[in-house]
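In what follows, a single structure is set out as structure tokens and then discussed.
Small disclaimer: the values here were computed from a predicted structure and weren't measured. Heavy-atom basis, side chains included; hydrogens, waters and symmetry copies ignored.
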Amino acid sequence: MEKMKFETKLKTLKTNNSPLIKAAFQGKDGNVYFGIILIDTGSFDCILNKSVMDLLDDSAVRKGDSKHISTIKGESNECYAVDFTFKMGNNQEFSDVFYVSEASDFDQILVGMIGIVGSKFLIRPVGGINLS
């Protein structure tokens, strides 16, 4: 199978013929959960599947931090911010702000989908300083 590469100046993520990456995160119960993250260079922000929220500690939610994000249908949804840490690739750990909309559920598209990684994540230095 041919490998696809998503390269930016700061990160390189390799996939198997698809923009889907296997990833894992630790839930509030201490268990490790596995799923899929979609690399979407057309999206700016990272979006977390709302079904993942049941597995995370409430302290992950950034109180008072929200923004409106448009769907591919052009609908604007208010999303709240969540600090999310996950592993992918060669067991490399990443942390970033993901946004969650109560109006959208990725399980309708693909069961086991953790979320979407947007271009903002791809251009941020690994282990670097968050300048946003």
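Surrounding CG of Asp58 are at most 12 heavy atoms belonging to other residues, nucleotides or ligands under 6.0 Å away.
Screening Val100, Asp96, Leu56 against Phe84 for a side-chain contact (heavy atoms from CB on, under 4.5 Å) leaves a single residue, Leu56. Each of Leu48, Ile39, Ile47, Ile37 was compared with Ile116 under the side-chain contact (heavy atoms from CB on, under 4.5 Å) criterion, and only Ile47 meets it.
Nearest heavy-atom pair, Cys79 versus Ser101, reported as atom, atom and distance to 0.1 Å: SG-CB, 3.6 Å.
Gln26 CD to Tyr33 OH: the interatomic distance, rounded to the nearest 0.5 Å, is 10.0 Å. Within the model, atoms CZ of Phe25 and NZ of Lys87 stand 13.5 Å from one another, a figure rounded to the nearest 0.5 Å. Interatomic distance, SG of Cys46 versus CZ of Phe86, reported as 6.5 Å (0.5 Å rounding). Here the CD1-CD1 distance, from Ile36 to Ile114, works out to 7.5 Å after rounding to the nearest 0.5 Å. Interatomic distance, Asp83 CG to Phe98 CZ, rounded to the nearest 0.5 Å: 10.5 Å. Of the inter-residue distances, the one linking Lys22 atom NZ with Met88 atom CE reads 13.5 Å to the nearest 0.5 angstrom.
Members clustered with Val32: Phe34, by chain and number, using a 4.5 Å side-chain heavy-atom cutoff among hydrophobic residues.
In this structure, the side chains of Val82 and Val97 stay at 4.5 Å or more apart for every pair of heavy atoms.
With Lys50 contributing its side chain and Glu102 its backbone, the two residues share a donor-acceptor pair below 3.5 Å.
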